[in-house]
There are 2 protein chains.
Amino acid sequence: MRFPKLFERLASLTPLPPEEWAKAEAVAKEQSLAKRELFMRPGDAADRFAVVLQGVFRGVRMSPRGGESIKAFRAEGELIGAYAEMLQQLPSMTAIEALEPSRVLVFQTRDFQALERGHVCWERLARRVAEQHFVLKERREQEFLDLSAEERLVKFWEEHPHLKGRIPQRDVAAYLGITEVALSRIVSRRRKRAE
Amino acid sequence: MRFPKLFERLASLTPLPPEEWAKAEAVAKEQSLAKRELFMRPGDAADRFAVVLQGVFRGVRMSPRGGESIKAFRAEGELIGAYAEMLQQLPSMTAIEALEPSRVLVFQTRDFQALERGHVCWERLARRVAEQHFVLKERREQEFLDLSAEERLVKFWEEHPHLKGRIPQRDVAAYLGITEVALSRIVSRRRKRAE
DNA sequence: CCTCCGCCTTAACCCGGGTCAAGCCAAGGT
DNA sequence: ACCTTGGCTTGACCCGGGTTAAGGCGGAGG
């Protein structure tokens with residue numbers, strides 16, 4: 001078993017026989033990415049995904065109007081991939097970029113589907129993953145609906161302390177749905193208020 | 001088979017043996033709700049969900065600060081329930097209210113889990129449902145990130161033409177994340193611009 | 001018929017965030 | 001040591017949406 005920690009993590013979501021995990025490891029490939037290198041770019045087929053072994057990524061949605069907004073940051077142990085596009089069988093509209101030198105474990109969707117046919121545990125795992133993603137998105141939706149930008153900022157750092165110092169401020173702004181200028185003002189406002 | 005249309009709809013997501021569907025119908029109960037009646041209220045256990053047979057519902061999240069925001073509208077053929085809370089085994093933080101006299105088909109989560117143990121098709125169906133919900137939430141997230149309130153309004157009516165005339169304007173506003181005053185202004189602005 | 005109520009609109013005022021532009025600072029490259 | 005470069009800050013100005021408050025209007029009930 002090459003990735004025991006990852007196995008632990010997944011097995012905590014749903015029972016996962018070690019021999020099934022061995023099959024998964026057999027089809028997965030490690031990939032290293034330099035800082036700023038893209039794991040996926042807009043227009044790519046959404047036919048693979050990966051687990052972050054080391055590093056941090058940002059998922060950037062390119063809007064038709066040229067605006068960039070950040071869908072999520074992903075660090076060690078988390079999944080990267082154009083999940084929504086994969087489910088809809090659309091080409092990726094998302095760029096996934098390494099913010100640090102990173103290593104990931106890549107799976108082809110096709111290979112994963114083969115695993116699913118072999119054992120129900122993969123079906124269950126996929127379900128858990130979908131459910132978790134849903135819960136996260138719903139939480140974020142709610143934050144947009146009833147929190148101010150400043151409150152969203154506070155919550156962001158409460159929920160992602162491990163990202164401190166690893167992501168540029170402008171990306172935090174794009175994640176919160178404001179500009180870096182506005183974020184800078186909020187931060188200085190808070191500095192002042194705290195004397 | 002009491003609900004052939006519903007069966008069709010679900011079977012289009014994943015193969016669903018009619019005999020399994022029969023078991024589901026056996027545990028489901030019909031319920032009628034008057035206008036303004038609540039299918040679920042905040043604090044209730046999130047241990048049941050339903051399919052709308054007739055009518056429209058709104059899912060309202062009560063924020064601690066007394067604000068109400070609308071998570072979704074649900075009409076015929078769609079699911080209602082505190083899905084996120086169910087997944088997290090939390091009590092509902094959502095009120096689900098009938099906006100018209102309505103009929104729904106209610107399932108106890110417990111009963112559905114029993115079905116899952118009996119046949120994998122339910123596991124698959126649950127996965128598809130989770131995935132669909134995820135895709136919808138992600139779409140909405142993206143709208144908050146790079147659309148103005150006016151653009152969100154236009155998109156809302158494009159995507160929900162069947163709700164025209166069935167939901168009060170103030171609820172549309174709460175769904176878009178603005179006040180009814182702001183919505184009224186946007187509408188009149190658009191009226192003027194169109195001469 | 002009139003009144004009340006629910007729902008929507010309009011107006012005045014304020015404030016947060018967008019936009020544009022200038023400037024600061026630290027890290028790297030030459 | 002110098003000049004880029006990237007990332008952050010600050011200021012001035014504008015605009016959209018929040019807030020509050022005052023009507024308008026149509027439907028239900030007395």
Side-chain angles (χ1 to χ4, degrees), chain A residues 34-38 56 58 60 63-70 73 95 97-101 143-157 163-194, chain B residues 34-38 56 58 60 63-70 73 97-101 142-157 163-194:
Chain A
K35 184 172 174 171
R36 310 231 69 200
E37 194 175 344
L38 298 176
V56 190
R58 56 172 201 179
V60 185
S63 76
R65 280 158 182 62
E68 293 192 357
S69 54
I70 294 199
F73 299 101
E97 182 185 348
L99 295 175
E100 303 174 351
E143 290 173 11
F144 275 110
L145 283 170
D146 43 50
L147 265 48
S148 68
E150 177 161 358
E151 293 169 313
R152 294 206 297 280
L153 173 65
V154 172
K155 209 159 192 181
F156 177 80
W157 287 122
L163 295 177
K164 270 258 153 84
R166 301 175 78 181
I167 56 183
Q169 192 125 312
R170 95 154 69 80
D171 287 341
V172 178
Y175 179 84
L176 296 176
I178 60 179
T179 62
E180 57 175 336
V181 181
L183 179 52
S184 176
R185 279 192 293 234
I186 290 172
V187 171
S188 80
R189 212 150 63 208
R190 292 175 59 76
R191 247 199 316 266
K192 252 170 223 156
R193 231 177 297 155
Chain B
K35 183 171 176 172
R36 310 232 70 201
E37 193 176 345
L38 298 176
V56 191
R58 58 172 200 178
V60 185
S63 78
R65 280 160 182 59
E68 292 193 357
S69 54
I70 294 199
F73 298 100
E97 182 185 347
L99 294 175
E100 302 174 351
Q142 192 233 338
E143 289 172 11
F144 275 110
L145 283 169
D146 44 51
L147 266 48
S148 68
E150 176 161 358
E151 292 169 312
R152 294 206 298 280
L153 173 65
V154 172
K155 209 160 193 182
F156 176 81
W157 287 124
L163 294 178
K164 271 257 153 85
R166 301 175 76 181
I167 56 184
Q169 192 124 313
R170 95 155 68 82
D171 287 341
V172 178
Y175 180 84
L176 296 176
I178 60 179
T179 62
E180 57 174 337
V181 181
L183 179 52
S184 176
R185 278 192 296 234
I186 291 172
V187 171
S188 80
R189 213 151 63 209
R190 292 175 59 77
R191 247 199 317 265
K192 252 172 222 154
R193 232 178 296 153

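Residue numbers begin at 1 in each chain, while the letters A, B, ... track the order of the sequences.
Straight-line distance from the CD1 atom of A/Ile178 to the C1' atom of C/dC15: 15 Å, rounded to whole Å. One can place CZ of A/Arg170 at 16 Å from P of C/dG18, the figure rounded to the nearest angstrom. In this entry the distance linking CD of A/Gln169 with C1' of C/dC25 reads 14 Å, nearest Å. For the pair A/Glu180 CD and C/dC24 C1', the computed distance is 14 Å after rounding to whole Å. In this entry the distance linking NZ of B/Lys192 with C1' of C/dA11 reads 11 Å, nearest Å. At whole-Å resolution of the value, CG in B/Leu145 and P in C/dG17 are 15 Å apart. When the C1' atom of D/dG18 is taken as reference, atom CG of A/Leu147 falls 16 Å away, rounded to whole Å. Here the P atom of nucleotide C/dG16 and the CG atom of A/Leu153 are 15 Å apart, to the nearest Å.
Not one N or O on the side chain of B/Arg58 forms a donor-acceptor pair closer than 3.5 Å with the backbone of B/Glu97. Using modelled atom types, one side-chain atom of A/Arg152 and one backbone atom of A/Leu176 make a donor-acceptor pair closer than 3.5 Å.
Checking the phosphate oxygens (OP1, OP2) of D/dG17, a side-chain nitrogen or oxygen of B/Arg189 falls inside 4.0 Å. Within the structure, every side-chain polar atom (N or O) of A/Ser188 is placed at least 4.0 Å from both OP1 and OP2 of D/dT9.
Using a 4.5 Å heavy-atom threshold, the side chains of A/Leu145 and B/Tyr175 count as separate.
Remark on DNA chain C: of its neighbouring residues B/Pro168 and A/Ala149, the 5'-side contact belongs to B/Pro168, judged by nearest-heavy-atom nucleotide.
Counting any heavy atom pair closer than 4.0 Å across all strands shown, B/Val181 reaches a base atom.
In terms of polar N and O atoms assigned as donor or acceptor, the side chain of A/Arg185 comes within less than 3.5 Å of the base of C/dG18 in a complementary pairing.
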- Start with the C-alpha gap between A/Val172 and A/Leu163, add the side-chain angles, then the distance that decides, and say whether side-chain contact (heavy atoms from CB on, under 4.5 Å) holds. CA-CA 10 Å; A/Val172 178; A/Leu163 295 177; over 6 Å; no
